[in-house]
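First the structure, in the form of structure tokens, and then the observations on it.
Both counts, for ligands and for their atoms, begin at 1 and track the order of listing.
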Amino acid sequence: MEHLILDSNTWLLVLTGAGVSAESGVPTFRGMDGLWENHPIEDVASPQGFVKDPTLVWRFYSQRRAGAAAVHPNPGHDALVAWERHLGDRFLLATQNVDGLHRRAGSQRVVEMHGNLFKTRCSKCKRPPFDDTTVYPNGTVPTCDACGGRLRPHIVWFGEYLDPDDMSRIEDFALRGSTSGGRFVFLAAGTSGVVYPAAGIVDRVREAGGETWLVNLDPAENSTRFEYSVTGKSGEVLPKLAKLA
Ligand code: BJW
Ligand code: ZN
């Protein structure tokens, strides 16, 4: 296996997906064949799905909250913490995962591109998102204390825009890294590379002259778009991949 050298010249942007949490026991999306209890994922993770059946959507997210609260970070998460400690501000972790496991492992420079399972917001008023670990009983749709509107999970659903501040943080980091005069590296781990805009980052990095790495259990949809591709479990590969220099 080739090694990823992380020295004082290196800037590193990491993108993680569901595969990184798989060894902690969190199911991946495409692993469920894109289905949850026989519902296509778009029915439980889209604004249209929420309008049609908010009870179903809250059942899905309550079940996911209970599942994520019961699991623990794995050696893949831990490796990323060690890399961040080594690189400091030359490291950024963009995660598509909403389970909060990166922060629980100790990662600090994290952008949660698709939101957070343990936050809730109002679907009607501008009240800011708030921490919420509640596992709502089946059939419940919680309402807003401020306006009486329906509360919803603080998740970026299909067809919704990602938070522009999150996107700018990633873009600014990539710009600083690729114009630093140093070496800019992008590494994606445990993601099937089908959901945009995350899946497009690799192309932007290549255009900017960055080095690209993929760590995935199977050759992902976009593996040919990466310069280096390592096949294996992230919890086994990541702890051995980097040489901290
Ligand atoms: C391992 C492993 C181990 C396993 N080690 N590896 C047509 C209709 C509607 C929308 C679109 C459309 N065409 C394009 C769009 C845009 C859409 C999109 O990209 N769709 C594609 C599916 C085509 N994107 C969006 O809608 C985004 N918004 C947007 O573009 O706004 C502009 C816009 C506005 C209006 C209209 C259209 C566009 C938002 C995307 C939000 C995604 N949200 C979700 C669900 C909510 C989060 C949640 O509830 O958790 O986020 S979708 C789901 O996929 C989830 C994930 O974060 C995301 C990515 O999945 P990920 O992480 O890659 O997981 P998997 O399961 O796919 O892959 C795991 C991989 O790991 C596999 O390869 C395994 O082999 C591997 N693996 N074990 C290493 N141990
Ligand atoms: Zn409200």
Side-chain angles (χ1 to χ4, degrees), residues 15-36 39-50 57-58 60-65 67-68 74-77 79 94-101 111-130 142-164 166-167 187-202 214-223 229-239 241:
L15 170 73
T16 59
V20 166
S21 292
E23 288 153 87
S24 293
V26 181
T28 63
F29 292 92
R30 274 82 218 167
M32 308 186 290
D33 290 330
L35 293 177
W36 174 74
H39 301 282
I41 187 82
E42 289 79 4
D43 284 3
V44 286
S46 70
Q48 298 82 349
F50 187 62
V57 173
W58 268 114
F60 174 61
Y61 282 97
S62 288
Q63 201 182 90
R64 303 253 315 277
R65 275 184 183 173
N74 66 59
H77 296 102
T95 185
Q96 300 169 85
N97 299 343
V98 297
D99 54 34
L101 286 175
V111 178
E112 290 176 316
M113 303 174 72
H114 292 167
N116 188 304
L117 203 45
F118 298 102
K119 286 195 168 150
T120 294
R121 70 172 191 261
C122 183
S123 63
K124 204 168 151 200
C125 75
K126 296 250 177 285
R127 174 185 177 188
F130 55 93
T143 51
C144 174
D145 292 341
C147 78
R150 277 180 184 148
L151 293 178
R152 58 163 282 178
H154 183 52
I155 299 281
V156 181
W157 284 331
F158 281 111
E160 293 188 316
Y161 286 97
L162 278 71
D163 185 333
D166 286 347
M167 291 309 291
L187 181 141
T191 177
S192 56
V194 294
V195 174
Y196 285 81
I201 296 177
V202 59
L214 177 68
V215 174
N216 216 59
L217 185 58
D218 50 41
E221 181 90 359
N222 60 355
S223 60
S229 184
V230 184
T231 305
K233 292 186 173 181
S234 54
E236 293 168 8
V237 174
L238 294 179
L241 185 67

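- Closest heavy-atom approach to atom 44 (C) of ligand 1 among the candidates Val57, Val230, Val156, Asn116: Val156.
- Each of the following atoms of ligand 1 lies closer than 4.0 Å to a heavy atom of Ala22: 78 (N).
- When Trp157, Phe158, Trp36 are checked for heavy-atom proximity to atom 52 (S) of ligand 1, Phe158 turns out nearest.
- Residue nearest to atom 33 (C) of ligand 1, selected from Ala18, Gly159, Ser46: Gly159 (by heavy-atom distance).
- Looking at ligand 1, you won't find any N or O of Ile155 less than 3.5 Å from one of its N or O atoms.
- Residue Arg64 has at least one nitrogen or oxygen atom sitting less than 3.5 Å from a nitrogen or oxygen atom of ligand 1, judged on distance alone.
- Residue Val98 approaches ligand 1 through these ligand atoms, each under 4.0 Å from one of its heavy atoms: 50 (O).
- With ligand atoms numbered from 1 in the order given, ligand 1 contributes 62 (O) to contacts under 4.0 Å with heavy atoms of Gly17.
- Atoms of ligand 1 lying under 4.0 Å from any heavy atom of Thr191, numbered from 1 in the order shown and given with element: 61 (P), 63 (O), 70 (C), 71 (O).
- Residue contacts with ligand 1: Pro197 is placed with no nitrogen or oxygen under 3.5 Å of a nitrogen or oxygen of the ligand (distance criterion only).
- Both the backbone and the side chain of Leu217 come within 4.0 Å of ligand 1, judged by heavy-atom distances.
- Contact annotation for Arg30 and ligand 1: heavy atoms of both the backbone and the side chain come within less than 4.0 Å of the ligand.
- Contact annotation: for Val20 versus ligand 1, there are no heavy atoms closer than 4.0 Å.
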